[in-house]
Protein chains: 2
Amino acid sequence: MSNQQYIKVLIADDQQVFRKGLSALLNEMPGIELLGEAGNGAELIEKSLLLKPNVIVTDIKMPILDGVSATRELLKHIPACKVIALSAYANDQLILQMLESGAIGYLLKSAEAIEIKEAIEMVNLHKPYFCKEITQKLTEIVAKNYKLPDKSTASFTERELEIIRLICNEFTSKEIAGQLHLSKRTVEGHRTRILEKIGAKSIAGIITYALSVGIYKNNR
Amino acid sequence: MSNQQYIKVLIADDQQVFRKGLSALLNEMPGIELLGEAGNGAELIEKSLLLKPNVIVTDIKMPILDGVSATRELLKHIPACKVIALSAYANDQLILQMLESGAIGYLLKSAEAIEIKEAIEMVNLHKPYFCKEITQKLTEIVAKNYKLPDKSTASFTERELEIIRLICNEFTSKEIAGQLHLSKRTVEGHRTRILEKIGAKSIAGIITYALSVGIYKNNR
DNA sequence: AAATTATTGGGTGTTTTCACGGTATTTTAT
DNA sequence: ATAAAATACCGTGAAAACACCCAATAATTT
């Protein structure tokens, strides 16, 4: 029936040459219908609302309105649209911003035609697509935030970990003492040891340490 | 010179049929030398120490010692070894455990020969390799845990953000006052406002909040 | 022009944190 | 078996945090 034969694509990039190159490539691809081009984020939003593309391929750095902001904005109006972000290089902040904005694809500008096609087809099925470099970055980001709890946590006793978690949850020594059925002074003693071990001088240090190392989530 | 022509691979899986199938496939692949097979984690450790493989492809669920534990253990002794984990399905916990154990590759058991080969070659260069499904999961995990500064950060004034960052760095009100050339009382006033806005009752709340929404970055 | 918000500063007082002393029992490791 | 941790507990006191109250000036918005 209304099963769409072509994936309707809109592209955005401030560099005219790159834009022309990309549009030429996409025009040659079977199964893809290029709806148009935009030179900045504002134009992208405008044309998107008008043309209702299935997939948008957009540069991140653009004048007037960048790709991330444009994506965030236009997905409010046409959430069915799938966005692939393009960037010259893999940057942590950009990747995270992109994820947060709602884009589900990320390619480097060095990508080849076949990969771009693959990405378009993939995201059109609502499946994320990331090029190898981005995948690697994602791994690093996840590993950085999940790997740590090990060695560092090891130096604390169970009691100490328990108290650290409670401190992170805004409980005072007195409250912690009540919860654990201990004396207030005992809890203070433990906290002193914790401060020593961490090398912190206040609970601020305890918390930044605990969060950076991954204690806190009762995980294990 | 001692540039190795073959990637030496060791595999582990408790299902004999799968193991045989995998070893048959790997044996046919040019550039790969299959060193042997293991039926469980303990056996994997044993043979790894003996055979010193470049790459290990191991199932996660195995009797006696599972793949994650085995990986963690054997990487202590032969850290140069690259581990690819195999699993029947993509599970958040498994992926995180795998990352934490030190494996740098993750494939589903439904993977095809060409992908397995690609993964082996990739991890052998110390580059992570994840199949599409896992990449997708990684994306979800990252997206879930990175709620970037949004509505939350926007509600703070510049001064407040400045003070939040200093609080996160273990400075007292007096110290902050000194650094910003303000009165101690002014800083305390700002902090009170910050507590109100966040709905926290102590600096513990300020810090957990700040770290969770990503204020704090410029100082590391 | 008027209202709101940001930024600055103050007073008073309670609670909490933390440094500096300790002691005693239990559990774990060598 | 003996040493070493871990756990529990206490006193004192200074400094910090926090809870209330308050007001003046600058900047921004309406």
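Below, chains carry the letters A, B, ... as their sequence lines are ordered, and counting in each starts from 1. Worth knowing before you read on, the calculation uses all heavy atoms, side chains too, and leaves out hydrogens, waters and symmetry mates.
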Only residue of V83(A), T71(A), D66(A), I60(A) satisfying side-chain contact (heavy atoms from CB on, under 4.5 Å) with S101(A) is T71(A)
Would you indicate which nucleotide in dT8(C), dC10(D), dT7(D) comes nearest to any side-chain atom of H190(A)? dT7(D)
Residue-phosphate contact under 4.0 Å: K174(A) side-chain N/O, dT16(C) OP1/OP2: yes
Check the distance between dT5(C)'s C1' and E158(B)'s CD and give it to me in whole angstrom. 15 Å
Judged by nearest nucleotide, the residue sitting upstream toward the 5' end of DNA chain C, A204(A) or L180(B), is L180(B)
Show your working on side chain to side chain donor-acceptor pair (under 3.5 Å) between E37(B) and S23(B) and close with a plain yes or no. CA-CA 8 Å; E37(B) 306 172 14; S23(B) 73; 3.1 Å; yes
Checking the side chain of E160(B) only, and the main-chain atoms of T157(B) only, is there a donor and an acceptor separated by less than 3.5 Å? yes
Between dA8(D) atom P and I194(A) atom CD1, what is the distance in whole Å? 12 Å
Which one, dA19(C), dA17(D), dA6(D), comes nearest to the side chain of S173(B)? dA17(D)
side-chain N/O T186(A) vs dC9(D) OP1/OP2, d < 4.0 Å: yes
Using heavy-atom distances to pick each residue's nearest nucleotide on DNA chain C, tell me which of K184(B) and E160(B) is more 5'. E160(B)
Okay, side chain of E170(B), backbone of S202(A): is any donor-acceptor separation there less than 3.5 Å? yes
Starting at the 5' end of DNA chain D and moving along, which residue's nearest nucleotide shows up first, E175(B) or G189(A)? G189(A)
Verify salt bridge (Lys or Arg N to Asp or Glu O under 4.0 Å) between E133(B) and K109(B), making sure each step is shown before the conclusion. CA-CA 11 Å; E133(B) 292 82 359; K109(B) 286 194 160 188; over 6 Å; no
Option passing side-chain hydrogen bond (donor to acceptor under 3.5 Å, both in side chains) with S173(A) (candidates R185(A), E188(A), R191(A)): R191(A)
Counting side-chain heavy atoms from CB outward, which of dC9(D), dT16(C), dC18(D) is closest to T172(A)? dT16(C)
When the distance from CD of E196(B) to C1' of dC18(D) is rounded to whole Å, what number comes out? 11 Å
Between C1' of dA6(D) and CZ of R159(A), the distance in whole Å: 11 Å
Minimum-distance nucleotide to R191(A) side chain [options: dT16(C), dC9(D), dC18(C)]: dC18(C)
Looking at T157(B), I'd like to know whether one of its side-chain N or O atoms comes within less than 4.0 Å of OP1 or OP2 on dT5(C). no
Give me the bend of the helix from dA1(C)-dT30(D) to dA29(C)-dT2(D), using the axes of the five pairs at each end, rounded to 10°. 70°
Side chain of L195(B) only, please: which of dC18(D), dT17(C), dG9(C) is the nearest? dC18(D)
note: E188(A), atom CD; dT7(D), atom C1'; distance rounded to Å ~ 16 Å
Would you kindly give the CD1-to-P distance between I163(A) and dT16(C), to the nearest whole Å? 16 Å
NZ/K174(B): more than 12 non-hydrogen atoms of other groups inside 6.0 Å: no
Can you tell me the distance, in whole Å, between the CZ atom of R185(A) and the P atom of dC18(C)? 13 Å
Rounding to a whole Å, what distance do you find between E170(A):CD and dT15(C):P? 19 Å
Determine whether a donor-acceptor pair (N or O, by modelled atom type, separation under 3.5 Å) exists between the side chain of E175(A) and the backbone of T172(A). yes
